[in-house]
Amino acid sequence: MSLLPRTAEEFSSAEYWERFFKKRGEKAFEWYGDYNKLCGVLHKYIKPRDKVLVVGCGNSELSEQLYDVGYRHLTNIDISETVVNHMNQKNAKQRPDLTFQTVDATQTPYEDGSYQAALDKGTLDAMASQEEGALAGRMLAEVGRVLGIGGRYVCVTLAQESVIKLAVEHFIQVGWAVRLHCLADPESQEVSSFALPVFVLVCTKFRQPMPMPILEMCQGEDGAPVRLPVVADLLSVVRERQAYAMLRQRLRTGTDATSTPSLTLCHAPTGRPRYTLTVQDCPPGAKVPRANHFAIFIVPQGRETDWLYGLAEGRGQLAASANFRRLVVVAMHREQEYTDMQAVQSELSPMVMELAPPGMPANQKVPFLSVGGELGWREVVSHGTSDLSGQYSVEDVRGEDGQLYRRLVFLGNDGLVQSESRLTNPAAAASSQKNKKSRRKAKLSAPPPMTTPSQTPGGALEVDKGYLCCAHHRVMVAGLAMLGVGNDHNKDVSVLLVGLGGGGLPQFLRDFVPGARVEVVEQDPAVLEVAQGWFGFTPDDRLTVTLGDGLERINNIEREGGHQYDVIMFDVDSKDPSLGMSCPPPAFVETAFLERVGKLLTPRGVFMLNLVCRDSALKKSVLDRVRGVFPRVLSRGIEGEVNEVLLCSRGTGETGVQPSLLKAGKTLQGALGMNSSRTAICIPQIDITELLEDLKVA
């Protein structure tokens, strides 16, 4: 290993290479791969009849092997006199026309346009670190001078970002076409640096500079070229290829249950993401059957954000249930077509096998696992861009219960499902209602599994307004029992809700809670448009929306005075995922602001907060502030989620969940639905008592 450069600068030092070749002696040093690895792409761009200048040849056997297969017009140059003398002596008899010359690649004696190709294996990498790239720049200019029209500079490189950027920008500036091939990893793993993939840069000279840059990327020696608009995009693709190679090398050499690396596979023709693969290894000491080395789990379409598949804890549970040494969890991307499970297996098999754990037998059969052997179902019904939240998608998916659901997904926030509603077939529901007139009480069991919209008779699907998909919304509704909703003397309920989402919660309150008057504050006009267009949200005189910042709205109401609410709800997400608290934004739980909220509540009023905080210290701080303002705080965590709902009031005396609260819950349960005047087939589906029984003192 002492023969390898200690620093990048040594690559381009003549003294270093003199020492290197004297120590190396007769043994050839195949820098970045040998002829067998490179021949496919070299033969594609360099023809046997071409006059070729081999820049920085070293003692590589590449020129000898090219000569032996018919390339007889090779001129090899190197700055090391030692290696040039050695290569001339070695080939004098066997290859008399193969010449080696001691020449500085930045100042060659050759005439303009005298070569059809220039071959460079690692010389650019060696020079790029010298003189802040100026040395490499002079070499590239010299190559451009000696190449004729239609000539090609073919460079084998590890594509360090500064190196490839220097070369590509140089040739783009002079109007050449640029193409970059990413080859498979070298077979030799002699040193760790060779875990990186080898790239071949091909730059073609034109008679007239190209009016628009031609910049292309190819996977493998024969991969179809993908046109890229700017150099930054090319560099991004290179980084992705290098990261994948390093990941694969790490996965080949060991297992690590504490790390769950992931990578995205793109659709070759379009470059769009097609699959995301996440690797989950079993923990040390786990009792795994000897034959269970490796398996692939295909996540049903539309369910990639479910706790079991979307979070590390859930995937750990999935892997433990599957009981393999390594499980690769595969999520399919929206706006991509997938024929069937067999087609997906065929497409993925070559790639995922490269992620197998060390020690797996070569002939080991690798199973593909799924839910019921199906791919799931997803249909994107709308998409757009919000000025505040970025790109979003509205999509219908099939849940694990067989029902269809509509989701609002923010694509820029790890595919966050911002809102979800269950879909219903009005015609089928009306028929079912007619046949079951005797049934008075709403049941919590889901209706029969639904077909996809194309298979649904009787028209389009509609949002089931009586079903709240989000568990924290159901807890907030149950919290109305603290007001005594449903009693004759407490008929009217005024609600201020910050955060609209799909509008499911405020619509439920308006439709089913007697006397409810709801004002929603929503900052994003795009969210309001989506809620009205796709989630059945219908404002009226009892359900109003104020577009604006929730902080400002509450500050203004408190400043103006004269208005109080029975309930104030915060269900608003933070736009900064790095804070450790994704709901609400930190300003909403500052003490001064919480005190303003308390002043806006009626004497019986309740403040409800959906708290989503992964930082335990930050969460404790928030709870301390809330308790400092509201003497009575009840809470309920959401199973399988980070969410915790806080129900806060200024009342004192009763602590915990008293029998009186459970009794009020039963009254609330009976009152729900009495106000349902919009449709006879839409009934509230919620168990208030069950939700209240799980409350605890925060």
Side-chain angles (χ1 to χ4, degrees), residues 262 264-267 272-278 296-312 314-315 317-318 328-345 347-348 368-384 389-425 446-456 460-464 467-471 473 501-502 504 530-531 533-536 640-641:
S262 64
T264 298
L265 306 181
C266 295
H267 186 230
R272 293 180 178 178
R274 184 161 174 81
Y275 298 101
T276 293
L277 281 57
T278 304
I296 316 300
F297 185 92
I298 307 297
V299 177
Q301 292 183 83
R303 295 182 56 196
E304 60 276 352
T305 57
D306 288 6
W307 176 82
L308 191 63
Y309 313 121
L311 295 178
R315 288 191 297 269
Q317 181 173 310
L318 177 67
V328 173
V329 181
V330 179
M332 294 171 282
H333 281 251
R334 57 186 50 81
E335 297 185 353
Q336 291 278 347
E337 294 184 1
Y338 306 91
T339 306
D340 52 32
M341 182 63 73
Q342 184 60 46
V344 168
Q345 291 183 23
E347 187 178 8
L348 285 173
F368 277 74
L369 312 176
S370 64
V371 178
E374 297 183 354
L375 293 179
W377 178 83
R378 166 176 32 216
E379 179 182 2
V380 176
V381 297
S382 179
H383 59 85
S389 305
Q391 290 186 321
Y392 65 84
S393 174
V394 180
E395 50 197 47
D396 294 346
V397 302
R398 186 182 301 281
E400 62 181 337
D401 57 359
Q403 299 298 309
L404 296 184
Y405 294 86
R406 179 160 294 165
R407 291 175 171 176
L408 170 59
V409 183
F410 287 145
L411 304 181
N413 191 5
D414 294 328
L416 171 69
V417 176
Q418 206 270 357
S419 299
E420 183 177 46
S421 295
R422 192 166 72 186
L423 299 176
T424 183
N425 180 355
M450 297 184 63
T451 56
T452 60
S454 60
Q455 301 171 314
T456 301
L461 300 175
E462 293 183 359
V463 169
D464 183 353
Y467 183 78
L468 294 171
C469 290
C470 298
H473 286 171
V530 168
W534 293 100
F535 288 86
E641 303 287 347

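With a 4.5 Å cut-off on side-chain heavy atoms, Glu400 and Val371 do not count as touching. Using a 4.5 Å heavy-atom threshold, the side chains of Phe368 and Val330 count as separate. Contact of the Asp396 side chain with the Leu404 side chain is not registered, since no non-hydrogen atoms from C-beta on lie closer than 4.5 Å. The closest side-chain heavy-atom distance from Ile296 to Leu277 is not below 4.5 Å.
Residues Ile298 and Met341 share a closest heavy-atom pair of CG1-SD, 3.9 Å. The shortest non-hydrogen separation linking Val463 to Ser421 is CG1-CB, 3.6 Å. In terms of heavy atoms, Arg378 sits closest to Arg334 at NH2-N, 3.6 Å. A pairwise comparison of heavy atoms in Val299 and Ala331 identifies CB-CA, 4.3 Å as the closest pair. For the residue pair Ala531 and Gly501, the shortest heavy atom distance occurs at CB-O, 3.7 Å. Leu461 and Leu423 get closest at one heavy-atom pair: CD1-CD1, 4.0 Å.
Using bins of under 30°, 30° to 60° and over 60° for the plane-to-plane angle, the ring pair Tyr467/Tyr405 lands in the tilted bin.
Taking CE of Met332 as the start and CZ of Arg303 as the end, the distance is 11.0 Å to the nearest 0.5 Å. Between atom CG of residue Leu408 and atom OH of residue Tyr392 there is a gap of 8.0 Å, rounded to the nearest 0.5 Å. From Glu304, atom CD reaches atom OG1 of Thr276 across 9.0 Å, with rounding to the nearest 0.5 Å.
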Inset, instruction - I would like to know whether Gln317 and Trp307 meet side-chain contact (heavy atoms from CB on, under 4.5 Å); could you show each step before the answer? - result: CA-CA 10 Å; Gln317 181 173 310; Trp307 176 82; 3.2 Å; yes

Inset, instruction - Would you please test Val530 and Ser382 for side-chain contact (heavy atoms from CB on, under 4.5 Å) and show each step? - result: CA-CA 9 Å; Val530 168; Ser382 179; 5.9 Å; no

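Side-chain atoms of Arg406 come within 3.5 Å of backbone N or O of Trp534 as a donor-acceptor pair. Looking at Asp306, its side chain never comes within 3.5 Å of a backbone N or O of Leu308 through a donor-acceptor pair. Remark: side-chain polar atoms of Arg274 are paired, donor with acceptor, to backbone N or O of Glu337 under 3.5 angstrom. A donor-acceptor pair is defined here as one N or O able to donate and one able to accept, closer than 3.5 Å; such a pair exists between the side chain of Tyr338 and the backbone of His333.
Shown here is Glu641, whose CD atom has more than 12 heavy atoms of other residues, nucleotides or ligands within 6.0 Å.
Look at Glu420 and Arg407 and you find a salt bridge, because one of the NZ, NE, NH1 or NH2 atoms lies within 4.0 Å of a carboxylate O, short of that distance.
In this model, a donor atom of one side chain and an acceptor atom of the other lie less than 3.5 Å apart for Glu347 and Tyr275.
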